A.B. asks: 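Sending over a structure as structure tokens; questions will come in a sec.
None of these values were measured; they are calculated from a predicted model. In what follows, chains carry the letters A, B, and so on, assigned in the order in which the sequence lines appear, proteins first and then strands, with residues in each chain numbered from 1.
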There are 2 protein chains.
Amino acid sequence: MKQKDGLSIGELSKRSDVNIETIRYYEKIGVMPAPDRSANRYRVYGADHLKRLSFVRRSRRLGFSLDEIRGLLRLVDGHAYTCAQVRELTLNHLTEIQRKIEDLKWLKRAMEEMAAQCSGERAPECAVIDALFDTRRQFG
Amino acid sequence: MKQKDGLSIGELSKRSDVNIETIRYYEKIGVMPAPDRSANRYRVYGADHLKRLSFVRRSRRLGFSLDEIRGLLRLVDGHAYTCAQVRELTLNHLTEIQRKIEDLKWLKRAMEEMAAQCSGERAPECAVIDALFDTRRQFG
DNA sequence: TCTTGACCCTGTAGCAGCTACAGGCCTTAG
DNA sequence: CTAAGGCCTGTAGCTGCTACAGGGTCAAGA
């Protein structure tokens with residue numbers, strides 16, 4: 001890599017902790033901009049790419065969809081965002097997370113109930129199976 | 001439907017609360033057995049199909065993957081399961097659910113922290129964006 | 001008798017968000 | 001000279017469905 005500051009895709013991958021294939025995928029779907037290429041057509045990235053990719057990675061880990069991230073980046077790119085907009089997106093997202101937590105808690109309770117019936121012995125009867133086959137029970 | 005007890009796929013769908021296309025999909029991937037066909041090649045289901053499909057639906061709602069369900073059904077079909085086996089599968093599944101809950105809680109905390117910094121004003125500065133771009137922060 | 005509508009059929013393509021090849025080029029070290 | 005490691009493009013696969021396209025079948029109504 002002759003360019004000052006130039007990162008190969010492999011280096012970018014290591015520094016951002018994002019898979020090489022995923023980086024190329026992000027480029028294809030327009031989340032990451034197409035970088036310059038060196039003489040041998042290798043991708044050459046700069047510090048701005050690293051920053052942006054890290055942003056994407058962090059947002060993904062926080063559960064934002066790629067579409068939501070595209071929305072955030074559009075705002076950032078256009079310098080057009082207001083705090084209120086971002087806040088709204090974040091709060092919406094928070095509501096969804098809370099809903100998911102509730103769902104999982106319900107699920108956990110239901111399964112614990114079933115497992116509690118379970119003798120754990122080598123018998124061919126099983127309360128879990130019975131419960132799942134029991135048409136009187138309504139799960140959800 | 002001339003057969004006694006014979007259900008069309010539409011009726012099965014209504015009674016099991018599973019989509020028609022999903023039923024056909026389950027047949028294709030081997031979760032549901034191929035049913036008899038009437039003279040016009042329509043699928044004809046019996047009470048056993050309804051029972052099995054309901055089992056699948058309930059298990060799905062409890063978050064079991066189709067692969068796990070296939071495993072459960074194999075045990076049931078072979079009358080080879082012991083309570084201990086099923087219990088283990090269930091407990092494994094419970095552990096995973098708990099892990100997911102913890103993940104989501106962490107996520108929620110992180111996002112709440114970010115949102116709390118947010119003024120909600122029309123200013124072009126935003127604590128959320130800053131946090132996501134801040135390379136010193138480690139999310140996950 | 002014709003037609004309309006509600007069913008059913010098969011097969012394929014699409015969704016998210018990647019991941020994993022296949023088949024090739026380039027560069028450098030031994 | 002060759003082998004290893006990186007990079008390239010392009011396509012197919014994963015889960016668990018869903019949504020067609022393009023057709024057949026059947027009963028009831030005009």
A.B. asks: Starting from C1' on C/dA13, measure out to OH on B/Tyr25 and report it in whole angstrom.
C.D. replies: 14 Å
A.B. asks: Got A/Leu73 and A/Phe55 here, is their nearest side-chain heavy-atom distance under 4.5 Å?
C.D. replies: yes
A.B. asks: Could you check whether any side-chain heavy atom of A/Arg60 comes within less than 4.5 Å of a side-chain heavy atom of A/Leu66, counting everything from C-beta outward?
C.D. replies: yes
A.B. asks: When every nucleotide of nucleotides 1-14 of chain D is labelled 5' to 3' by its protein contacts under 4.0 Å (heavy atoms), B for base, S for sugar-phosphate only, - for none, what sequence of letters results?
C.D. replies: -----BSSB-B---
A.B. asks: Can you check the A/Arg60 CZ to C/dA16 P distance for me, whole Å?
C.D. replies: 11 Å
A.B. asks: Any chance the side chains of A/Thr95 and A/Gln98 put a donor and an acceptor closer than 3.5 Å?
C.D. replies: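 No pair is found: no donor N or O on one side chain lies under 3.5 Å from an acceptor on the other.
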A.B. asks: Nearest-Å distance, CG (A/Asp67) to C1' (C/dC18)?
C.D. replies: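 Going from A/Asp67 (CG) to C/dC18 (C1'), I get 16 Å.
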A.B. asks: Mind calculating the distance between CG (B/Asn19) and C1' (C/dC8) to the nearest angstrom?
C.D. replies: 15 Å
A.B. asks: First locate atom CG of B/Leu7, then atom NZ of B/Lys14, and finally report the distance between them rounded to the nearest 0.5 Å.
C.D. replies: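 That separation rounds to 11.0 Å.
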A.B. asks: Can you measure B/Tyr45 atom OH to C/dC8 atom P for me and round it to whole angstrom units?
C.D. replies: 10 Å
A.B. asks: Is the closest side-chain heavy-atom distance between B/Leu89 and B/His93 below 4.5 Å?
C.D. replies: no
A.B. asks: By nearest heavy atom, map B/Ala39 and B/Leu66 onto DNA chain D; which one lands nearer the 5' end?
C.D. replies: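 First, find each residue's nearest nucleotide; the 5'-ward one identifies B/Leu66.
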A.B. asks: Take atom CE of A/Met32 and atom P of C/dC18, then tell me their distance rounded to the nearest Å.
C.D. replies: 13 Å
A.B. asks: When you check the side-chain N and O atoms of A/Asn40 and A/Ser38, is any donor under 3.5 Å from an acceptor?
C.D. replies: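 Result is yes, a qualifying pair exists.
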A.B. asks: Give a yes/no answer on whether the side chain of A/Ser65 brings an N or O atom under 4.0 Å of OP1 or OP2 in C/dA16.
C.D. replies: no
